[in-house]
Amino acid sequence: MPNLPNKFSKLPKTPPKPPSTTSPPPPDCSTIANLIINSENPESLTQTLQTFTQWTPNLVQAILKRLWNHGPKALQFFNLLENHPSYTHSAAAFDHAIDIGARMRDYKTIWTLMYRMRSRKLGPTPKTFAIITERYVSAGKADKAVKIFLSMHEHGCQQDLNSFNAFLDVLCKSKRADMAYRLFKIFRGRFRADVISYNIIANGFCLKKQTPRALEVMKDMVERGLEPTLTTYNILLKGYFRAGQIKEAWEFFLQMKKRKLEIDVVSYTTVVHGFGVAGEVEKARKVFDEMIGAGVLPSVATYNALIQVLCKKDCVENAIVVFEDMLRKGYMPNATTYNVVIRGLCHEGKMDMAIEYMDRMKDDYDCEPTFQTFNVVIRYYCDDGEIEKALEVFDKMNSGTCLPNLDTYNILIGAMFAKKKSADLLVAGKLLIGMSSNRVLTGDQLDLISFYNIIANFTRISPDQLASTKKIWDQVE
DNA sequence: GTAGGGTTAG
């Protein structure tokens, strides 16, 4: 059986060694992060953290980032460091801690941290409010978010056009374009709304596939004496494709050319991607070739769009031809490029090649596999019933730079329940417990009931089967 | 974290 998460390996538990006072170890953020995750005693952790004298804002940020899936531990770490003799938290560290608290929907912590931040004269900054309002909106509390935005100045942070635009964008990105537009109409005079404000709203309607509303916003801005920019046109162009209005999109693109707009790489990428998604592979290729003739160089994103299109609507071989061509021309592929190719390979059942590309990724500078990479490979192994191999990749993930997230657990556990073999269920149970001890789940009801619900949701397993599974879990513990 | 183009499958 492959290795399970640390919590279950039968290794003897040795307390973490505090760093020596004479020569502290090099600031290795993953070592420190693991130490925090595995510490069970706050006092000894405090001592360990206090002895270490080389805290820097960057190191603290890196550790908080790594503890992103371990909210309570991250906040514990943040709080313990507040009384350090030689280190004080930066505004960015406060923002990060607030973000973590907000993600756990721990609203009390958010406000406590904000008041502490204010008493230390570090903020809150507009960024702090962007974080807080975004989290409230994504928790379904948009009305509350509006109130918070409007009360920013009471917390010592003046609103301006930038923060107004940022907040409109938050509303729009959560598909609340109507609400954003209403708010916008009330305050556009006060904040002196600009082209960016209008673009944000127009994009908001495009995200909801309401291109007529987006056009209306564009008309509105022209009537108020603001000139649409290329970005405005690109937003509409993307909007037509997203709404499945391929013919309208193409006509809009032709209009853009006619009006002598300087069509840029974003416009072309939009069209290549849009045609591809619509299954018009040849048209996508034609536009790709056309842009080079027009003197607009493709970007990595353009290549990614074409490669993805070929993977989905043509075949992965042809996608790899473009990938190799891209390398030959001196482009540096990014994680998305690899993820798209790897997904294409997995989809055609070429798992060995997918793993090869995953290894190639690491050889490229700054292109470590992401959780998307791992999750895709794990998902396809699971779909093939190759759970052993999926767990091997999962192990790689635990020892690497990218920690498993909720999706990862869902994929693995779901596959194990789908097979319904007792040995697999045992592993699934252990993974579930690992998930809870790692606090991958956020919120406060981390009991077996919620586990049941999670499992039932994605496996549609019967309550009887669940009950017998519980017996297995009891044996595990 | 003031706007636009590439990543999940179902």
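Chain naming here is simple, since letters A, B, ... match the order of the sequence lines and numbering starts at 1 in each.
Within 6.0 Å of atom CZ in A/R192, 12 or fewer heavy atoms from other residues, nucleotides or ligands are found, so the atom counts as exposed in its surroundings.
Distance A/N199 CG to B/dG1 P: 19 Å, rounded to the nearest Å. Regarding A/D264, its CG atom lies at a distance of 13 Å from the C1' atom of B/dA3, rounded to whole Å. Rounded to whole angstrom, the span from the CZ atom of A/F374 across to the C1' atom of B/dA9 amounts to 20 Å. Rounded to an integer number of Å, the gap from OH of A/Y380 to C1' of B/dG10 is 11 Å. Atom CG of A/L297 is separated from atom P of B/dG5 by 20 Å (rounded to the nearest Å). Atom pair A/M358:CE and B/dT8:P shows a separation of 17 Å (rounding to whole Å applied). Rounded to whole Å, atom C1' of B/dT7 lies 14 Å from atom CZ of A/F323. Between the CG atom of A/D407 and the P atom of B/dA9 there is a distance of 12 Å, given to the nearest Å.
Residue contacts for A/L230: at a heavy-atom cut-off of 4.0 Å it reaches a base atom on one of the strands shown. At a threshold of 4.0 angstrom between heavy atoms, the contacts of A/T232 with the nucleic acid are absent. Within the nucleic acid shown, A/I235 comes within 4.0 Å of sugar-phosphate atoms alone, with no base atom in reach, counting heavy atoms only.
Residues satisfying the salt bridge (Lys or Arg N to Asp or Glu O under 4.0 Å) criterion with A/D178, sequence neighbours excluded, are A/K208, A/R213. Legend: residues meeting salt bridge (Lys or Arg N to Asp or Glu O under 4.0 Å) with A/R224, ordered by chain and number and at least two apart, are A/D220. In terms of the salt bridge (Lys or Arg N to Asp or Glu O under 4.0 Å) criterion, residue partners of A/K350 (sequence neighbours excluded) are, by chain and number, A/E317, A/E348. With sequence neighbours excluded, no residue forms a salt bridge (Lys or Arg N to Asp or Glu O under 4.0 Å) with A/E227.
For the contact set between residues 271-290 of chain A and DNA chain B, defined by any heavy atom under 4.0 Å, the members are A/H273. Within a heavy-atom distance below 4.0 Å of DNA chain B, the residues of residues 121-139 of chain A found are A/K127, A/I131, A/E134. Within residues 158-173 of chain A, the residues having any heavy atom under 4.0 Å from DNA chain B are, by residue number, A/N162, A/N165, A/A166, A/D169, A/K173.
The ring-ring contact (aromatic ring centres under 6.0 Å, His included) pairs that include a residue from residues 199-229 of chain A are A/Y181-A/F205, where partners are two or more places apart or lie in different chains. Under the salt bridge (charged side-chain N to carboxylate O under 4.0 Å, His left out) criterion, the residue pairs touching residues 88-100 of chain A are A/D99-A/R135, with sequence neighbours excluded. Residue pairs that meet the ring-ring contact (aromatic ring centres under 6.0 Å, His included) test with at least one member in residues 279-312 of chain A, sequence neighbours left out, are A/F288-A/Y303, A/Y303-A/Y331.
Here the side chain of A/S299 is nearest to one of B/dA3, B/dG5, B/dT8, namely B/dG5. Here the nucleotide nearest the side chain of A/N339, chosen from B/dG1, B/dT7, B/dG5, is B/dT7. Nearest nucleotide to the side chain of A/R343, out of B/dA9, B/dG6, B/dG1: B/dA9. Minimum atom distance to the side chain of A/V340 is reached by B/dT7, of the listed B/dG5, B/dT2, B/dT7. Each of B/dA3, B/dT2, B/dT7 was ranked by its minimum atom distance to the side chain of A/T336; first place goes to B/dT7. Candidate nucleotides B/dA3, B/dG6, B/dG5 were compared by shortest atom distance to the side chain of A/N304, and B/dG6 ranks first.
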Which atom pairs, one a donor and one an acceptor, fall under 3.5 Å between side chains of residues 194-203 of chain A and the rest of the protein, sequence neighbours left out?
{"residue": "A/D194", "atom": "OD1", "partner": "A/N165", "partner atom": "ND2", "Å": "3.4"}
{"residue": "A/D194", "atom": "OD1", "partner": "A/I196", "partner atom": "N", "Å": "3.2"}
{"residue": "A/D194", "atom": "OD1", "partner": "A/S197", "partner atom": "N", "Å": "3.0"}
{"residue": "A/D194", "atom": "OD1", "partner": "A/S197", "partner atom": "OG", "Å": "2.9"}
{"residue": "A/S197", "atom": "OG", "partner": "A/N165", "partner atom": "OD1", "Å": "2.7"}
{"residue": "A/S197", "atom": "OG", "partner": "A/D194", "partner atom": "N", "Å": "3.0"}
{"residue": "A/S197", "atom": "OG", "partner": "A/D194", "partner atom": "O", "Å": "3.3"}
{"residue": "A/Y198", "atom": "OH", "partner": "A/R188", "partner atom": "NH1", "Å": "3.2"}
{"residue": "A/N199", "atom": "OD1", "partner": "A/T232", "partner atom": "OG1", "Å": "2.8"}

What donor-acceptor contacts under 3.5 angstrom involve side-chain atoms of residues 248-263 of chain A, with partners at least two apart or in another chain?
{"residue": "A/K257", "atom": "NZ", "partner": "A/E290", "partner atom": "OE2", "Å": "2.8"}
{"residue": "A/R259", "atom": "NH1", "partner": "A/Y233", "partner atom": "OH", "Å": "3.1"}

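Salt bridge annotation for A/D325-A/R328: present, with a cationic side-chain nitrogen under 4.0 angstrom from a carboxylate oxygen.
For A/T270 and A/S267, the side-chain atoms include no donor-acceptor pair closer than 3.5 Å.
For B/dT7, one of the phosphate oxygens OP1 or OP2 lies less than 4.0 angstrom from a side-chain nitrogen or oxygen of A/Q308. Residue A/K312 places at least one side-chain N or O under 4.0 Å from the OP1 or OP2 atom of B/dT8. The side chain of A/K238 places an N or O atom within less than 4.0 Å of a non-bridging phosphate oxygen (OP1 or OP2) of B/dG6.
In the interface, the side chain of A/T269 is paired with the base of B/dG5 through a donor and an acceptor atom under 3.5 Å apart.
Glycosidic conformation at B/dG5 (O4'-C1'-N9-C4 for purines, O4'-C1'-N1-C2 for pyrimidines): anti, more than 90° from 0.
For the pair A/R118 and A/Y115, the NZ or CZ position fails the cation-pi test of under 6.0 Å to the six-membered ring centre and within 45 degrees of the ring normal.
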